Number of protein chains: 2
Amino acid sequence: MQQLKYSRQRESIKNFLMTRKDHPTADVVYTNVRKEYPNISLGTVYRNLSLLSQRGEIMKISTGDGPDRFDGNPLPHYHFICKRCGSVIDLEMDDIDQIDKIANANFGGVVEGHVAYFYGRCEDCK
Amino acid sequence: MQQLKYSRQRESIKNFLMTRKDHPTADVVYTNVRKEYPNISLGTVYRNLSLLSQRGEIMKISTGDGPDRFDGNPLPHYHFICKRCGSVIDLEMDDIDQIDKIANANFGGVVEGHVAYFYGRCEDCK
DNA sequence: TCAGTAATAGCAATGATTACTGTTTTATAA
DNA sequence: TTATAAAACAGTAATCATTGCTATTACTGA
């Protein structure tokens, strides 16, 4: 992985993400960063979101339903998705890393990690 | 949910899926079912895969990387995705349903379930 | 200040999936 | 059986998210 050259656009994208707790999509990032950089292109947004998540500076959330979302907080944590309103919420929970060992127990390969999200009804929708 | 009217195409799709352990994509289902029904359309394949997974007769696997895959075995189980070769493998592991309780502990809403997959290197790639 | 290279804007193209429409199949029941 | 209504279909167009391309611009180190 080569080193990145600074860009104002990338900085603005990252700054925007850090102000938000609602895990916006690429398109939401685009419309908001345009307030500061009206000429930024959607391609630039996608490329930088990709770069940043590859480098572990942000987190990409793929729910398998609708577009990907992004989280400015790169520290390990889990997400909850409301089945009714679709909102994506950070969970504060004890770690569940033991599930990797459970998965590895009868497996021929090597389990290195997992992706998990929880679903149900959020506080407003229950 | 209304009742379904029988269709030969849907039966063929389900039968094909049950013969496979490799979790094929919609496109793979399409090219294979065409051997029996040369005029089947890709739309029909998508509609029926959707119907069958809504009804819990098959399982849809969204990895967030590449197209969705489908599993003819609807019984609860987990999947492993190889980071090197991309293959998706069934895991035989103890259940980890306790993670729903852990996630619910400090949460204002209601956790009803989870989606999880494991990744790493498969037996051939490790 | 300048040269080299990475990043950008603008736009075209792709890939997966869904929507539409006229025709065919299935289920029901006279 | 045949008639009828509803569901499913084939074929195709459209959509949505995302990636690729190319000429231009912006960083960076000398």
Side-chain angles (χ1 to χ4, degrees), chain A residues 1-17 22-55 57-71 81 86 88 115 117, chain B residues 1-17 22-55 57-71 81 86 88:
Chain A
M1 205 187 300
Q2 66 178 7
Q3 69 146 26
L4 293 187
K5 185 179 278 189
Y6 171 84
S7 99
R8 300 174 270 170
Q9 290 88 337
R10 184 183 310 123
E11 185 173 54
S12 177
I13 288 167
K14 195 178 173 191
N15 285 341
F16 170 70
L17 271 185
D22 65 342
H23 316 89
T25 62
D27 208 65
V28 171
V29 173
Y30 175 58
T31 55
N32 279 276
V33 173
R34 268 214 287 192
K35 292 170 187 164
E36 191 179 1
Y37 294 101
N39 293 328
I40 196 172
S41 76
L42 190 52
T44 297
V45 172
Y46 272 103
R47 183 165 24 77
N48 281 300
L49 288 172
S50 226
L51 274 170
L52 290 168
S53 69
Q54 270 172 39
R55 306 202 145 227
E57 296 186 44
I58 65 173
M59 214 187 278
K60 177 174 158 183
I61 307 167
S62 298
T63 66
D65 183 61
D68 290 345
R69 292 163 164 269
F70 297 88
D71 187 336
I81 294 147
V88 177
V115 174
Y117 63 85
Chain B
M1 205 188 299
Q2 65 180 8
Q3 70 146 25
L4 293 188
K5 189 176 277 190
Y6 171 84
S7 100
R8 300 172 271 169
Q9 290 88 337
R10 185 184 309 124
E11 186 175 53
S12 176
I13 288 166
K14 197 178 172 192
N15 285 341
F16 170 71
L17 271 185
D22 65 343
H23 316 90
T25 62
D27 208 64
V28 170
V29 173
Y30 175 58
T31 53
N32 279 275
V33 173
R34 268 216 286 192
K35 293 170 187 165
E36 190 178 3
Y37 294 102
N39 292 327
I40 197 172
S41 76
L42 191 52
T44 297
V45 171
Y46 272 103
R47 183 164 26 77
N48 281 301
L49 288 171
S50 225
L51 274 170
L52 290 168
S53 69
Q54 269 172 38
R55 306 201 147 227
E57 295 186 45
I58 66 173
M59 213 186 277
K60 176 175 158 181
I61 308 167
S62 298
T63 66
D65 182 60
D68 290 345
R69 291 163 166 267
F70 296 89
D71 188 335
I81 293 147
V88 177

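Values below: all heavy atoms of this structure, side chains included; hydrogens, waters and symmetry mates excluded. In the text below, chain A, chain B and the rest are named by the order of the sequence lines, each starting its count at 1. Here the structure is a predicted model, which means the values were calculated and not measured.
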For this session: Record whether the side chain of Lys5(B) comes under 3.5 Å of the base of dA6(D) through a donor-acceptor pair of N or O atoms.
Result: yes
For this session: Verify whether one side chain among Arg34(B) and Thr31(B) offers a donor that lies under 3.5 Å from an acceptor in the other.
Result: no
For this session: Assign Leu42(B) to base, sugar-phosphate, or nothing according to its heavy-atom contacts below 4.0 angstrom with the strands shown.
Result: base
Exercise. So, do Lys35(B) and Tyr37(B) sit near enough that their side-chain heavy atoms are less than 4.5 Å apart?
Worked result: no
Problem set entry | d(OH, Tyr30(B); P, dG15(C)) in whole Å | 16 Å
Exercise. Is atom CG of Asn15(A) surrounded by more than 12 heavy atoms (other residues, nucleotides or ligands) closer than 6.0 Å?
Worked result: yes
Problem set entry | Side-chain N,O (Arg47(A)) to OP1/OP2 (dA7(C)) below 4.0 Å | no
For this session: Ignoring backbone atoms, establish whether Tyr46(A) has a side-chain N or O less than 4.0 Å from OP1 or OP2 of dT19(D).
Result: no
Exercise. Which of these nucleotides, dA17(D), dT8(C), dG11(D), is closest to any side-chain atom of Ser41(B)?
Worked result: dG11(D)
Exercise. Under 4.0 Å between a side-chain N/O of Ser7(A) and OP1 or OP2 of dA26(D), yes or no?
Worked result: no
Problem set entry | Rounded distance (nearest 0.5 Å) linking atom CG of Asp22(A) with atom CZ of Arg69(A) | 7.0 Å
Exercise. Could you state the CD1-C1' distance from Ile61(B) to dT17(C), rounded to the nearest angstrom?
Worked result: 18 Å
Seminar exercise, completed: Which of Thr63(B), Asp71(B), Asp68(B) passes side chain to side chain donor-acceptor pair (under 3.5 Å) with His23(B)? Answer is Asp71(B)
Exercise. Base, sugar-phosphate alone, or nothing: which one does Tyr6(B) contact when heavy atoms must sit under 4.0 Å apart?
Worked result: sugar-phosphate
For this session: Please state whether the phosphate of dT26(C), meaning OP1 or OP2, lies under 4.0 angstrom from any side-chain nitrogen or oxygen of Arg8(B).
Result: yes
Exercise. Over how many whole Å does the gap from Gln9(A) atom CD to dA6(C) atom C1' extend?
Worked result: 12 Å
Exercise. Using a cut-off of less than 4.0 Å, is there contact between a side-chain N or O of Thr44(A) and OP1 or OP2 of dA9(C)?
Worked result: yes
For this session: Can you tell me the distance, in whole Å, between the CG atom of Leu4(A) and the P atom of dG29(D)?
Result: 13 Å
For this session: Using whole Å, report how far CG of Leu49(A) lies from P of dT18(D).
Result: 9 Å
For this session: Could you check Val45(A) against Gly43(B) and say which one's nearest nucleotide on DNA chain C is further toward the 5' end?
Result: Val45(A)
Exercise. Rounding to a whole Å, what distance do you find between Asn48(A):CG and dT18(D):P?
Worked result: 15 Å
Exercise. Quick one: Glu11(B) CD to dA7(D) P, roughly how many Å, whole number?
Worked result: 20 Å
Exercise. What's the CD1-C1' distance between Ile40(A) and dT24(D), to the nearest Å?
Worked result: 16 Å
Exercise. How is Asp27(A) classified with respect to the nucleic acid when contacts are heavy atoms under 4.0 Å: base, sugar-phosphate, or nothing?
Worked result: nothing
Problem set entry | Distance below 4.0 Å between Asn39(A) side-chain N/O and dT25(D) OP1 or OP2 | no
